[in-house]
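Numbering of residues begins at 1 and proceeds along the displayed sequence.
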Amino acid sequence: QLQASGGGLARPGERLTLSCAASGFRLADYAIGWFRQVPGKEPYWLSSIARGSLGEYYSNSVRGRFFISRDSAKNTVYLQMNSLKPEDTAVYLCAADLTLLTYQTGNYYQPGQYNTWGQGTLVTVSS
């Protein structure tokens, strides 16, 4: 099970850090992805952290502004979002690939690669 938290209201230019806590499995053993979704659209991939120390991946749209990290002791993955913009407003979702499909294919950006999803946390960026 995944639990996303940390969303809320932010002003443009501010920073928010989202958390994705896992229960029932070790996050470090699996790829974890962050997506965001707006009404009427499919989840949009932002970033993933691969299992173990295999690396981090970012969408071109957030590279250099968003940063993903993992705290294995807390079994939590974080998404630090800097310089927030109004267009970052969305429900943010974290997902886990418990089937190791991302590891086999090297494809981290498609939602179908992940089989376990958290409930999402709403981020609103507005002045």
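Annotation: cation-pi geometry not satisfied between Arg70 and Tyr78 (NZ/CZ under 6.0 angstrom from ring centroid, within 45° of ring axis).
The number of heavy-atom neighbours closer than 6.0 Å to CZ of Arg15, taken from other residues, nucleotides and ligands shown, is 12 or below. The number of heavy atoms from other shown groups lying within 6.0 Å of CD (Gln1) does not exceed 12.
Taken to the nearest 0.5 Å, the CG atom of Leu93 stands 8.5 Å off from the CZ atom of Phe35. The line from OG of Ser126 to CG of Leu84 is 12.0 Å long, rounded to the nearest 0.5 Å.
Residues in residues 43-76 take part in no disulfide bond (SG atoms under 2.5 Å apart) pair, two or more places apart or across chains. For the ring pair (Phe, Tyr, Trp, His ring centres under 6.0 Å) condition, the pairs that include at least one residue of residues 47-71, sequence neighbours left out, are Tyr57-Tyr108. Within the structure, every pair that satisfies the salt bridge (charged side-chain N to carboxylate O under 4.0 Å, His left out) test and touches residues 36-50, not counting sequence neighbours, is listed here: Arg36-Asp88. Screening residues 7-125 for disulfide bond (SG atoms under 2.5 Å apart), with sequence neighbours left out, gives Cys20-Cys94. Residue pairs satisfying the side-chain hydrogen bond (donor to acceptor under 3.5 Å, both in side chains) criterion with at least one member in residues 20-33, sequence neighbours excluded, are listed as follows: Arg26-Asp29.
Scanning all heavy atoms of the two residues, the minimum distance from Val123 to Leu18 falls at CG2-CD2, 4.0 Å.
Ser59 meets the side-chain hydrogen bond (donor to acceptor under 3.5 Å, both in side chains) test with Tyr44, Ser61; sequence neighbours excluded.
Val38 and Val62 are not part of a single hydrophobic cluster, where members link through side-chain heavy atoms under 4.5 Å apart.
Neither side chain, Ser48 nor Glu56, offers a donor N or O lying under 3.5 Å from an acceptor on the other. Judged purely by distance below 3.5 Å, without hydrogens or angles, the side chains of Asp97 and Thr99 pair a donor atom with an acceptor atom.
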